[in-house]
Amino acid sequence: MKAIVTGTTGQDGYYLSKQLLQNGYEVHGLVRRSSNINTFRIDPLISEYGPEGKFKLYYSDLIDSSSITNLINNIQPDEIYNLAAQSHVAVSFKNPIYSTHTSTTGTVTILESIRNGNKDIKFYQASSSEMFGGEKEEKLNEKSKLNPKSPYAAAKVFCHDMTKIYREAYGIFAVNGILFNHESPVRGETFVTRKITQAVGRIHLGLQSKLTLGNLDASRDWGFAGDYTKGMYLMMQHSEPDDWVLATGETHTVKEFASKAFESVGLNWEEFVETSDKYKRPNEVNHLLGDPEKAKNELGWVAETSFDDLVKMMVESDIESAEREKVLLENKLIKPTWEYHT
Ligand code: NAP
Ligand code: F7E
């Protein structure tokens, strides 16, 4: 089996590529060119499976339609997982055109390539719980109303609808995975969970004194990314294409996450966390809670990692990172960088 994974250098790209390679797939990953090599997450996979083996990488960009179409035509994959996106909600308010353009152009380019080329290629779209715009305390499922509140979410709604349209109009096996927040030790450092666990690791080792956050009352249904990429794969193996929610069915506030993370190293979060409007959004999604019943019944998927285990896993990993950082700082091999992070 051959799969193309867009966004292979991202958090989900890492876990999904690893699981597909372990399942015997040939994985073709799309990497966008940057001035520094940005394959740090997938370097272990490159060492184990590539570049002459089953893990093959290509420079491409979602905006470069011709490169994507050429790759699909040349590789003739069985499955395409479209994970690439400018995925930071707060950044999408600052870069709305880029955020919209990358998601939408990339998705339609792939769907058009399948329609005009080989209609047997299966397609996975990375849809998001942000599309619901969660306001009240209710469990959200595949039938809940979409009410996007950011350029990021609006672009995802477009991609979600186009995936459905290509499924219904052309009979393409195109699925939407509506995923609630999922995190891991390789989560981007500017998402709130990782920002917190990274700070906890640094504070624990005396490398940082304060953590500045935005809205502490927002609540999210947080799961572990490695569980969710297994769900993506199961959707692609289902007999019929459809849309599925992946979530834990539990929600926690940012405050609760911070409290649990600091508590795990014996610290009281209130002594270290301060807030600033700088990290608040022009429009906030206040409450997200998913209902994963359909995925459980039809795919046999459940989120296996608990909230407590997720926090513990991320804090432990960030303590190890802080230990390495401390050695480098003490030997003046690096300079402190956290104040530049958003
Ligand atoms: P991520 O870590 O931010 O990874 C995004 C990936 O997209 C990276 O590989 C990035 O490349 C790539 N990318 C960004 N712009 C691109 C462009 N113009 N052309 C080609 N590649 C580009 O995100 P993630 O957490 O793995 O999420 C994967 C997907 O699921 C995203 O579409 C996200 O919107 C969606 N999603 C995520 C969650 C979640 O909680 N994680 C929930 C629902 C949906 P670089 O490495 O070069 O930056
Ligand atoms: O924010 C609040 C913030 O940036 C979570 C993406 O993967 O999941 C992610 O989007 C909450 C928000 O994730 C800070 O206001 C407080 O209410 O970690 P986040 P997100 O916006 O939920 C969805 C499902 C996706 O699809 C996205 O791609 O935390 N918050 N203080 C903060 N958030 C950040 N980033 N930084 C803070 O200092």
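Quick note: residue numbers are just sequence positions, from 1. Because the structure is predicted, anything quoted here is derived from the model rather than measured. Values below: every heavy atom of this structure, side chains too, minus hydrogens, waters and symmetry copies. Both counts, for ligands and for their atoms, begin at 1 and track the order of listing.
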**Student:** For ligand 2, which part of V192 has a heavy atom less than 4.0 Å away: the side chain, the backbone, both, or neither?
**Tutor:** both
**Student:** Hey, are R115 and E112 close enough for a salt bridge, meaning a charged N less than 4.0 Å from a carboxylate O?
**Tutor:**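 Salt bridge between R115 and E112, a charged N being under 4.0 Å from a carboxylate O: yes.
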**Student:** If only side-chain N and O atoms count, and only distance matters, is there a donor-acceptor pair under 3.5 Å linking T109 with S65?
**Tutor:**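 A donor-acceptor contact under 3.5 Å links the two side chains.
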**Student:** So, are E135 and K149 salt-bridged, with charged N and O less than 4.0 Å apart?
**Tutor:**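 Salt bridge flag = yes for K149 with E135.
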**Student:** Quick test of your reading of the structure: of A247, S127, G214, whose heavy atom lies closest to atom 31 (N) of ligand 2?
**Tutor:**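 Checking each option, the heavy atom nearest atom 31 (N) of ligand 2 is found in G214.
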**Student:** Looking at non-hydrogen atoms alone, which of A85, A155, G7 comes nearest to atom 5 (C) of ligand 1?
**Tutor:** A85
**Student:** Can you tell which part of A218 has a heavy atom less than 4.0 Å from ligand 2: side chain, backbone, both or neither?
**Tutor:** side chain
**Student:** Closer than 4.0 angstrom, basic N to acidic O: yes or no for R167 and D243?
**Tutor:**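 Yes, this pair counts.
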**Student:** Does ligand 1 have any atom sitting under 4.0 Å from a heavy atom of K156?
**Tutor:** yes
**Student:** For ligand 1, which atoms sit closer than 4.0 Å to a heavy atom of A126?
**Tutor:**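 In order of number, 29 (C), 30 (O), 32 (O), 35 (C).
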**Student:** Do W301 and Y228 have ring centroids that are under 6.0 Å from one another?
**Tutor:** yes
**Student:** Using a strict threshold of under 4.0 Å (side-chain N to carboxylate O), is an ion pair present between K164 and D161?
**Tutor:**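 Looking at D161 and K164, the cut-off is not met.
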**Student:** Kindly identify the option in R194, R220, R187 whose heavy atom sits closest to atom 11 (C) of ligand 2.
**Tutor:**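 Heavy atom nearest to atom 11 (C) of ligand 2 belongs to R220.
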**Student:** Looking only at heavy atoms of Q11, does any of them come nearer than 4.0 Å to an atom of ligand 2?
**Tutor:** no
**Student:** Establish, for the pair R187 and F191, whether the NZ or CZ atom is under 6.0 angstrom from the six-membered ring centre and no further than 45 degrees off its axis.
**Tutor:** yes
**Student:** Between K260 and E256 (salt bridge meaning N to carboxylate O under 4.0 Å), is one present in this structure?
**Tutor:** no
**Student:** Step through the shown structure and confirm whether more than 12 heavy atoms of other residues, nucleotides or ligands are within 6.0 Å of CG on L333.
**Tutor:**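 More than 12 within 6.0 Å, yes.
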**Student:** Under a 4.0 Å heavy-atom limit, does M131 contact ligand 2 with its side chain, its backbone, both, or neither?
**Tutor:** neither
**Student:** I want to confirm something. Looking only at heavy atoms, which of V89, N181, T9 is nearest to atom 45 (P) of ligand 1?
**Tutor:**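 Checking each option, the heavy atom nearest atom 45 (P) of ligand 1 is found in T9.
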**Student:** Taking the ring centre of each residue, are H252 and F307 less than 6.0 Å apart?
**Tutor:**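 Yes.
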**Student:** Could you tell me whether ligand 2 has any atom less than 4.0 Å away from a heavy atom of S129?
**Tutor:**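 A heavy atom of S129 does come that close to ligand 2.
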**Student:** Tell me the contacting part of N286 for ligand 2: side chain, backbone, both, or neither, using a 4.0 Å heavy-atom threshold, strictly below.
**Tutor:**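 It is neither part, as no heavy atom is under 4.0 Å.
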**Student:** For L213, which part has a heavy atom under 4.0 Å from ligand 2: side chain, backbone, both, or neither?
**Tutor:** both
**Student:** Does ligand 1 have an atom under 4.0 Å from some heavy atom of Y98?
**Tutor:** yes
**Student:** Would you verify whether the NZ or CZ of K195 falls within 45 degrees of the ring axis of Y279 while also being under 6.0 Å from that six-membered ring's centre?
**Tutor:** yes
**Student:** With a 4.0 Å cut-off on heavy atoms, is Y152 touching ligand 1?
**Tutor:**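 Judged by the 4.0 Å heavy-atom criterion, Y152 does count as contacting ligand 1.
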**Student:** Aromatic contact between F173 and F123, with the criterion being ring centroids under 6.0 Å apart: yes or no?
**Tutor:**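 When the ring centroids of F173 and F123 are compared, they turn out to be at least 6.0 Å apart.
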**Student:** Run the contact test for L83 against ligand 1 with a 4.0 Å cut-off on heavy atoms, strictly below, and give the result.
**Tutor:**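 Under 4.0 Å: yes for L83.
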**Student:** Indicate yes or no: does an N/O atom of T193 lie under 3.5 Å from an N/O atom of ligand 2?
**Tutor:**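 No; the residue has no nitrogen or oxygen that sits under 3.5 Å from a nitrogen or oxygen of the ligand.
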**Student:** Which of these, L216, D12, N181, has its nearest heavy atom closest to atom 13 (O) of ligand 2?
**Tutor:**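 Among L216, D12, N181, the closest heavy atom to atom 13 (O) of ligand 2 comes from N181.
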**Student:** Under a 4.0 Å heavy-atom limit, does K195 contact ligand 2 with its side chain, its backbone, both, or neither?
**Tutor:** side chain
**Student:** Going by the atom numbers of ligand 1, which of them fall below 4.0 Å from some non-hydrogen atom of D61?
**Tutor:**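 In order of numbering, the contacting atoms are 17 (C), 18 (N), 19 (N), 20 (C).
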**Student:** Any non-hydrogen atom of S127 lying under 4.0 Å from ligand 1?
**Tutor:** yes
**Student:** Is there a heavy atom of H88 sitting under 4.0 angstrom from any atom of ligand 1?
**Tutor:**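 In this structure, H88 fails to qualify as a contact of ligand 1 - no heavy atom is under 4.0 Å.
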**Student:** Looking at non-hydrogen atoms alone, which of Q86, R281, E130 comes nearest to atom 4 (O) of ligand 2?
**Tutor:**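 The residue whose heavy atom sits nearest atom 4 (O) of ligand 2 is R281.
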**Student:** For D318, run the side-chain hydrogen bond (donor to acceptor under 3.5 Å, both in side chains) check against R202, R194, Q198, H204 and tell me which one passes.
**Tutor:**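 Option passing the side-chain hydrogen bond (donor to acceptor under 3.5 Å, both in side chains) with D318: R194.
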